[in-house]
Amino acid sequence: MNPLNARIRSLGAVARRLDPQDGERAALLQPVMDYGNRFLDGLATRPMFVEPAAGGASALDEPFLEGPSAIEDLLHIVDTEVDTPGLNPASAGHLGYIPGGGLFHSALGDFLAAVTNRYSGVFFASPGAVRMENRLLRWMGELVGYPSTAVGNLTSGGSIGNLIGVVSARDAQGISSKMIERAPIYLTRHAHHSVDKALRIAGLDECPIRHVPMDGRYRMDADALERLVVADISSGLRPWLVVASAGSTDVGAVDPMPAIADIAARHGLWFHLDAAYGGFFALCDEGRRILAGMDRSDSIVMDPHKGLFLPYGTGAVLVKNRKAVLHAHRYDAHYMQDTFGPRNEDSPADLSPELSKHFRGLRVWMPLKVCGLAPFRAALEEKLLLARYFHDAIQTVPGFEVGPAPELSVCTFRYVPKSGDADAFNARLVRAIREDGRVFLSSSQVDGHFIIRLAVLAFRTHLDTIDLTIDLLRRKAATIEADA
Ligand SMILES: *Cc1c(COP(=O)(O)O)cnc(C)c1O
């Protein structure tokens with residue numbers, strides 16, 4: 001055998017370890033499935049939050065060896081170093097931030113997407129994968145009342161969705177770099193920080209930012225918006241973008257979309273709607289009523305990894321103006337020439353910053369099809385009602401005062417102690433709840449006050465968790481009060 005041939009064969013023998021065969025695959029799958037099942041069966045007794053000091057450090061030191069490791073040993077590392085320290089968002093007790101999901105059925109979709117590795121970035125490579133994603137996006141478009149000519153993208157999350165929305169708005173409005181100092185943008189102080197980040201990435205952070213005042217429920221004051229726009233126009237500026245929220249992160253406020261759409265239309269602004277958290281509430285009647293007017297936005301972001309309970313890593317953006325999205329994102333490189341051909345469907349690569357990408361469609365499609373839509377509608381209405389139930393109940397507990405009635409599923413409240421500093425008391429209360437470990441609440445600052453937030457969106461959260469939370473708050477507040 002010539003030396004080249006011999007070397008290739010010996011490399012191939014080692015390289016083949018990358019491709020386990022039937023029996024070897026089963027030996028890997030079984031322990032992984034067992035681990036997943038143990039995790040889910042033990043979820044109810046796992047603490048909601050474990051201080052970072054309790055693990056995770058050796059995940060950074062873990063060496064990469066030349067030889068193989070036993071899957072059982074690796075699962076042990078995942079267990080102690082990854083799945084133990086920090087927040088446990090798969091749990092029913094995750095009532096902080098905007099909870100994410102983790103549907104089991106999505107794991108099946110991810111498994112298949114990884115094994116078959118269809119190339120979902122361009123139509124030529126996998127027309128079926130691209131069509132499946134476009135079908136999902138069209139379904140989301142129907143849900144929010146967009147025309148069938150709207151285009152969209154399954155993104156990694158709401159942040160990239162906001163980036164695509166903002167960049168499309170910029171190009172549709174013809175905002176060039178020499179104009180940006182004279183091209184104001186309108187949003188409230190409760191807009192999500194990913195919008196500011198998107199503006200920065202897009203080179204738009206030198207646009208004047210007008211923070212529109214809010215009403216008593218932290219919704220954009222539409223009259224104030226119009227006054228600001230009119231004042232800017234009369235001083236010769238070029239207003240071009242208003243960003244509203246359908247479900248703000250802090251308090252779950254829904255900006256007045258019909259009025260904002262009217263103002264945007266009157267003055268030629270692009271109306272971008274950040275519905276990353278709130279958008280999928282449109283699946284239930286009550287949510288659809290609250291979200292009336294979302295169809296009038298020019299672009300909308302909604303996160304399946306929030307409102308459809310998917311595992312992290314899937315957002316969505318829809319844009320009515322197809323040309324604007326293509327202008328920023330479509331690119332024809334020479335080495336892509338085989339893929340050009342007739343394009344009966346837009347490819348994700350033409351509509352987003354990504355080229356090669358995770359076939360996210362399958363992890364969305366699988367749970368929607370396996371479960372049907374009914375449990376999603378029920379879960380979303382249940383979450384709306386759980387937030388209202390909590391809001392009604394906690395204000396009957398002596399000492400607690402509540403923020404505005406929840407529009408969606410976020411409720412803000414705080415304890416007013418008999419004496420002493422309320423902010424410090426509530427910070428202690430949040431810590432005490434965290435240390436108990438059965439539920440996780442987050443806090444924020446609203447109007448300079450420390451407030452506690454309860455955000456209901458984890459699909460495993462039901463009435464028993466909310467009752468437990470009320471009981472815990474009552475008892476922990478009494479303990480801290482007695483301690484003072
Ligand atoms: C979560 C959220 C975002 C950011 O989305 P990611 O999926 O975390 O990138 C943007 N806006 C709102 C209102 C959100 O709730």
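Bear in mind the structure is a predicted one, so any value in this text is a computation, not a measurement.
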J.: Got a sec, which residues hit salt bridge (Lys or Arg N to Asp or Glu O under 4.0 Å) with D436, two or more places apart in sequence or on another chain?
T.: R438
J.: Working note: L143 + M302, criterion side chain to side chain contact (heavy atoms under 4.5 Å, CB included); need CA distance, chi angles, decisive distance, verdict.
T.: CA-CA 11 Å; L143 185 64; M302 47 210 287; 4.2 Å; yes
J.: What salt bridge (charged side-chain N to carboxylate O under 4.0 Å, His left out) pairs are there with at least one residue in residues 448-460, not counting sequence neighbours?
T.: none
J.: Using a 4.5 Å cut-off on heavy atoms from C-beta on, say whether the side chain of M366 contacts that of L112.
T.: yes
J.: Which distance, rounded to the nearest 0.5 Å, do you find between the CZ of F271 and the OG of S297?
T.: 5.5 Å
J.: Which heavy atom in A253 sits nearest to a heavy atom in Y218, and how many Å separate them?
T.: CB-O, 3.3 Å
J.: Only counting residues at least two apart or in another chain, list the ones meeting salt bridge (Lys or Arg N to Asp or Glu O under 4.0 Å) with D483.
T.: R428
J.: Flag the pair L386 / L463 as yes when at least one side-chain heavy-atom distance between them is below 4.5 Å, and no otherwise.
T.: yes
J.: Take a 6.0 Å sphere around OH of Y312 and say whether it holds more than 12 heavy atoms from other residues, nucleotides or ligands.
T.: yes
J.: Are the side chains of V439 and L454 in contact, using a 4.5 Å heavy-atom criterion?
T.: no
J.: Between atom SG of C284 and atom NZ of K383, what is the distance when rounded to the nearest 0.5 Å?
T.: 11.0 Å
J.: Apply side-chain hydrogen bond (donor to acceptor under 3.5 Å, both in side chains) to the pair S120 and K357, showing each step before the final yes or no.
T.: CA-CA 7 Å; S120 61; K357 68 174 206 62; 3.2 Å; yes
J.: Could you pull out all residues at least two apart from H449 that satisfy side chain to side chain donor-acceptor pair (under 3.5 Å)?
T.: none
J.: Which pairs count as ring-ring contact (aromatic ring centres under 6.0 Å, His included) when at least one residue sits in residues 20-49, sequence neighbours excluded?
T.: F49-F440
J.: Measure the shortest side-chain to side-chain distance between P367 and L310 over non-hydrogen atoms and say whether it is less than 4.5 angstrom.
T.: yes
J.: Excluding sequence neighbours, so at least two apart, what forms side chain to side chain contact (heavy atoms under 4.5 Å, CB included) with P127?
T.: F123, R131
J.: Looking only at heavy atoms, which two atoms of V430 and S443 are closest? And how far apart?
T.: CG2-CB, 4.3 Å
J.: Rounded to the nearest 0.5 Å, what separates atom CG in D274 from atom CG in N162?
T.: 4.5 Å
J.: Check whether the side chains of H358 and D110 place a donor and an acceptor atom closer than 3.5 Å, and report yes or no.
T.: yes
J.: Listed by chain and number, what are the salt bridge (Lys or Arg N to Asp or Glu O under 4.0 Å) partners of R288, not counting sequence neighbours?
T.: D285
J.: Just grab all the side-chain hydrogen bond (donor to acceptor under 3.5 Å, both in side chains) pairs involving residues 397-412, residues at least two apart or on different chains.
T.: Y277-S409, E401-R414
J.: For the CZ atom on R200, are there more than 12 heavy atoms of other groups (residues, nucleotides or ligands in this structure) within a distance under 6.0 Å?
T.: no
J.: Report the relative orientation of the aromatic rings in F400 and F413; use parallel for angles under 30°, tilted for 30 to 60°, perpendicular for over 60°.
T.: tilted
J.: For L351 versus N153, what's the shortest heavy-atom pair and its separation?
T.: O-CB, 4.1 Å
J.: Measure the shortest side-chain to side-chain distance between F390 and V456 over non-hydrogen atoms and say whether it is less than 4.5 angstrom.
T.: no
J.: Does atom NE2 of H211 have more than 12 heavy-atom neighbours from other groups under 6.0 Å away?
T.: yes
J.: OG/S106 to CZ/R360 distance, rounded to the nearest 0.5 angstrom?
T.: 13.0 Å
J.: Would you say the side chain of P304 lies within less than 4.5 Å of the side chain of M140, judging by non-hydrogen atoms?
T.: yes
J.: Only counting residues at least two apart or in another chain, list the ones meeting side chain to side chain donor-acceptor pair (under 3.5 Å) with R118.
T.: none
J.: For R138, what residues pass the salt bridge (Lys or Arg N to Asp or Glu O under 4.0 Å) criterion, not counting sequence neighbours?
T.: E345
J.: Applying the side-chain hydrogen bond (donor to acceptor under 3.5 Å, both in side chains) criterion to Y415, which one of E481, K476, R474 satisfies it?
T.: E481
J.: Is any side-chain heavy atom of L199 closer than 4.5 Å to one of I209?
T.: yes
J.: Atom SG of C371 and atom CZ of F104: how far apart are they, to the nearest 0.5 Å?
T.: 11.0 Å
J.: Which value, rounded to the nearest 0.5 Å, describes the distance between R388 atom CZ and L408 atom CG?
T.: 9.0 Å
J.: Name all residues meeting the side chain to side chain donor-acceptor pair (under 3.5 Å) criterion together with D79; count only those two or more places apart in sequence or in a different chain, and write none if there are none.
T.: R46
J.: Sequence neighbours excluded, which residues qualify as side chain to side chain donor-acceptor pair (under 3.5 Å) partners of D19?
T.: none
J.: Would K306 count as a cation-pi partner of F280, with NZ or CZ less than 6.0 Å from the six-membered ring centre and within 45° of the ring normal?
T.: no
J.: Among V166, L241, V242, find the residue that satisfies the side chain to side chain contact (heavy atoms under 4.5 Å, CB included) test when tested with I185.
T.: L241
J.: Between S194 and H192, do the side chains contain an N or O donor and an N or O acceptor separated by less than 3.5 Å?
T.: yes
J.: Can you find a pair of side-chain heavy atoms, one from P256 and one from M220, that are under 4.5 Å apart?
T.: yes
